[in-house]
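Remarks on the structure that follows.
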Amino acid sequence: MLTKRPKRQYCSEIVNLEDMVPQDHFLRVIEKYFDWNFVYEEVEKLYSKVGRKSIDPVVLVKIHILKFLFHEDSLRRTYENLKYNNLYRWFIGYNLCEEVPNHSTYSQNYKRKFCKLEKDLLQTVFDKVIELLINYNCLDMTAVYIDSTHTKASANKKKNHKEIVKIEAKKYQKELDLEIALKGLKEEDLTEEEYLEEVEKILKCNEEVNTEEVVGEKEVIVSDVDKDAGMLYKSDKEKMFGYNTSVICENNNYILTVDTNGSNIHDSVSFYDSFKNLINHFDISNIKYFVGDAAYLTNHICKTIIDLDMIPAFPYSRIGYRKEYFKKYEFVYDEYNNIYICPNEKDLIPTGRIDKNGYVSYKADDNDCSKCPFKNQCTKSKSKQILRHVWEEYKEMTNDYRHHDDVKEVYKQRPQHIERVFADGKLKYGLRSTYFRTKERVHRELTLLYACMNLKKFALHHYA
């Protein structure tokens, strides 16, 4: 039977906001298990003990979290929705008739108060979420996964200019200089006592000498409105300004570390800050596998991971190889004699010099190459030359691990973990772009975004 509802009639009703929120809603789980009192401890010194009452700082933090939990377009839109969204009101502890805070209240509080804290308040929220996950044994750190994704900056790609910027030295430059000095010492004819004395001198000198922080200059494209954003070339025709967020997650897809840089920073460079955060905040003794893509397959990264008794699970990289030419792995390295043997079974002898980047040159005899039937597949020069890094053995060990069945299985799971994290972030939490400018503000916002991802996953997958 066709039913027509009567015209709207207004009447008074007695309602309880508590009854309007479903008992199995994930916000109830967050409210039950996550302790917000740390916010008071962090900001207490910023407030006076006398005067007009302020808005509860926990309310301001909760509203910011609601923005990501429900994928609001902006924080201003979230404050607008507070006026009529009963679920939001329940979460921040406001009644139906109570006047909610204004958007400018939060922005002014952060500008005048919260930014003066020794540690950023939103970073503290992320750390507290991690503590919650640890306390409830939610983390499975048998394998950790690292990767980075791009977030579009709030900057017009056409408004830019070129600048000359300084090139910073490698973070491991001092360690590399020490390794080069010790490798060179082994070539000298010294007694055991003389060798130990020279080693002590080199170690002492390496500690006292400061490595140059700047090694050169280069020209880069800089945005007129956000100088921290980097130019990202998505293709030959498409480009944009953006930020590169490096993330490490574990087997349950919980994010462990977040680091933000301009999009013109390579993954192998941003790795070090992410890895430092990992070892400073977590017990890495439980980590067996460290999984990444080909961008992290460098000699020093492999050394860093293997020295900490972790197994690197990286893919094979074809970067630098030319088609129809012999690959480097087709030249056999004889560790005992310190030579390379080419596919024609001729020797490549080390020249004995180590350049500033840590590479030793191995060169074949001109006569051997001139008579070689495979020369067209090997080199266009008079003789073949191969470069070997002082830490090359670590990269060779990584390539060997790649063929182990357990490493193959772990690497196959990479799309289900780190790639899934980025997919969820872009589809459900607004990771595709940011309205904020400067690296500091973007990092602060993305850190809270990943904290909300962890918090919602905790509520939905474990206790809802």
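- With sequence neighbours excluded, the residues satisfying side chain to side chain contact (heavy atoms under 4.5 Å, CB included) with K83 are E80, V100.
- Taking the centre and axis of the six-membered ring of Y394, the NZ or CZ atom of K303 falls inside the cone set by 45° and 6.0 Å.
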>> Could you go through Y145 and N253, starting from their C-alpha distance and side-chain angles, then the distance that decides it, and tell me whether this counts as side chain to side chain donor-acceptor pair (under 3.5 Å)?
In response: CA-CA 9 Å; Y145 305 80; N253 292 10; over 6 Å; no
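- Between the side chain of K457 and the backbone N or O of N252 there is no donor-acceptor pair closer than 3.5 Å.
- In this structure the side chain of L121 reaches within 4.5 angstrom of the side chain of V61, judged on heavy atoms.
- Residues passing the side chain to side chain contact (heavy atoms under 4.5 Å, CB included) test with K456, sequence neighbours excluded: F26, L69, Y429, L460.
- The side chain to side chain contact (heavy atoms under 4.5 Å, CB included) test applied to L87 returns V21, H25, L27, F70, N85, not counting sequence neighbours.
- No donor-acceptor contact under 3.5 angstrom links the side chains of D228 and N261, judged on distance only.
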> side chain to side chain donor-acceptor pair (under 3.5 Å) between N357 and D355: does it pass, once the steps are laid out?
Replying inline: CA-CA 5 Å; N357 295 318; D355 65 18; 4.8 Å; no
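- Annotation: cation-pi geometry not satisfied between K157 and F241 (NZ/CZ under 6.0 angstrom from ring centroid, within 45° of ring axis).
- Put simply, the side chain of N280 gets close to the backbone of K276: a donor and an acceptor are under 3.5 Å apart.
- Within the 3.5 Å criterion, the main-chain N or O of L232 finds no donor-acceptor partner in the side chain of S263.
- By the 4.0 Å N-to-carboxylate-O rule, K62 lies close enough to E31 to be salt-bridged with it.
- For the 3.5 Å distance criterion, the side chains of E72 and Y79 fail to qualify, holding no donor opposite an acceptor.
- Judged by distance alone, the side chain of H417 and the main-chain N or O of N251 form a donor-acceptor pair under 3.5 Å.
- For D259 and S246, the side-chain atoms include no donor-acceptor pair closer than 3.5 Å.
- E163 and H161 are linked by a side-chain donor-acceptor pair at a separation below 3.5 angstrom, with hydrogens and angles left out of the test.
- Between E250 and C138, the closest heavy-atom pair is OE1-O, 3.9 Å.
- Of the charged side-chain nitrogens involved, none lies within less than 4.0 Å of a carboxylate oxygen, so that R28 and D24 do not count as a salt-bridged pair.
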>> Using the rule given for side-chain contact (heavy atoms from CB on, under 4.5 Å), can you reason through Y329 versus Y316, listing the C-alpha separation, both sets of side-chain angles and the distance that settles it, and then say yes or no?
In response: CA-CA 11 Å; Y329 62 79; Y316 173 69; 3.0 Å; yes
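- Neither side chain, E409 nor H404, offers a donor N or O lying under 3.5 Å from an acceptor on the other.
- Side chain of R89 to backbone of E98: a donor-acceptor contact under 3.5 angstrom is found.
- Remark: Y340 pairs with R388 by the side chain to side chain donor-acceptor pair (under 3.5 Å) rule, at least two apart or across chains.
- Closest approach of I255 and V258 over heavy atoms only: CG2-CG2, 3.7 Å.
- Looking at heavy atoms from C-beta onward, T245 lies in side-chain contact with T151 at the 4.5 angstrom threshold.
- In this structure the side chain of L132 reaches within 4.5 angstrom of the side chain of L455, judged on heavy atoms.
- Residues passing the side chain to side chain contact (heavy atoms under 4.5 Å, CB included) test with V269, sequence neighbours excluded: I265, H266.
- When ring centroids are compared, Y136 and Y33 come within the 6.0 Å threshold.
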> Given I284 and I279, is the side-chain contact (heavy atoms from CB on, under 4.5 Å) satisfied, shown in steps?
Replying inline: CA-CA 6 Å; I284 63 171; I279 61 178; 3.7 Å; yes
> Are D226 and Y243 close enough, and set up right, to give a side chain to side chain donor-acceptor pair (under 3.5 Å), and what steps lead you there?
Replying inline: CA-CA 11 Å; D226 188 358; Y243 285 92; 2.6 Å; yes
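- Inspection of the Q123 and D127 side chains reveals an N or O donor paired with an N or O acceptor under 3.5 Å.
- Ring pair F38/F34 is perpendicular by interplanar angle, where above 60° counts as perpendicular and below 30° as parallel.
- Contact annotation: the side chain of Y435 never approaches that of L75 to less than 4.5 Å [non-hydrogen atoms, C-beta and beyond].
- Checked for salt-bridge contact, K67 and E445 meet the test: a charged N lies under 4.0 Å from a carboxylate O.
- Ring pair W391/H300 is tilted by interplanar angle, where 30° to 60° counts as tilted.
- A donor-acceptor contact closer than 3.5 angstrom links the side chains of Y84 and N81.
- Taking 4.0 Å as the cut-off between side-chain N and carboxylate O, D293 and R414 count as a salt-bridged pair.
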>> Using the rule given for side-chain contact (heavy atoms from CB on, under 4.5 Å), can you reason through I354 versus V390, listing the C-alpha separation, both sets of side-chain angles and the distance that settles it, and then say yes or no?
In response: CA-CA 8 Å; I354 305 177; V390 291; 4.1 Å; yes
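- Looking at heavy atoms from C-beta onward, T398 lies in side-chain contact with I306 at the 4.5 angstrom threshold.
- Side-chain contact between Y94 and L82 is absent, with no heavy-atom pair separated by less than 4.5 Å.
- There is a side-chain donor-acceptor pair under 3.5 Å between Y333 and N338.
- Residues satisfying the salt bridge (Lys or Arg N to Asp or Glu O under 4.0 Å) test with E393, not counting sequence neighbours, are none.
- In terms of heavy atoms, F126 sits closest to T257 at CZ-N, 4.3 Å.
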>> Assess the residue pair Y289 and D406 against the criterion (side chain to side chain donor-acceptor pair (under 3.5 Å)); give the C-alpha distance rounded to whole Å, side-chain angles, the decisive distance to 0.1 Å, and a yes or no.
In response: CA-CA 10 Å; Y289 303 99; D406 56 337; 2.7 Å; yes
>> Pair F290, F275 - check ring pair (Phe, Tyr, Trp, His ring centres under 6.0 Å), show working.
In response: CA-CA 10 Å; F290 194 93; F275 194 76; 5.5 Å; yes
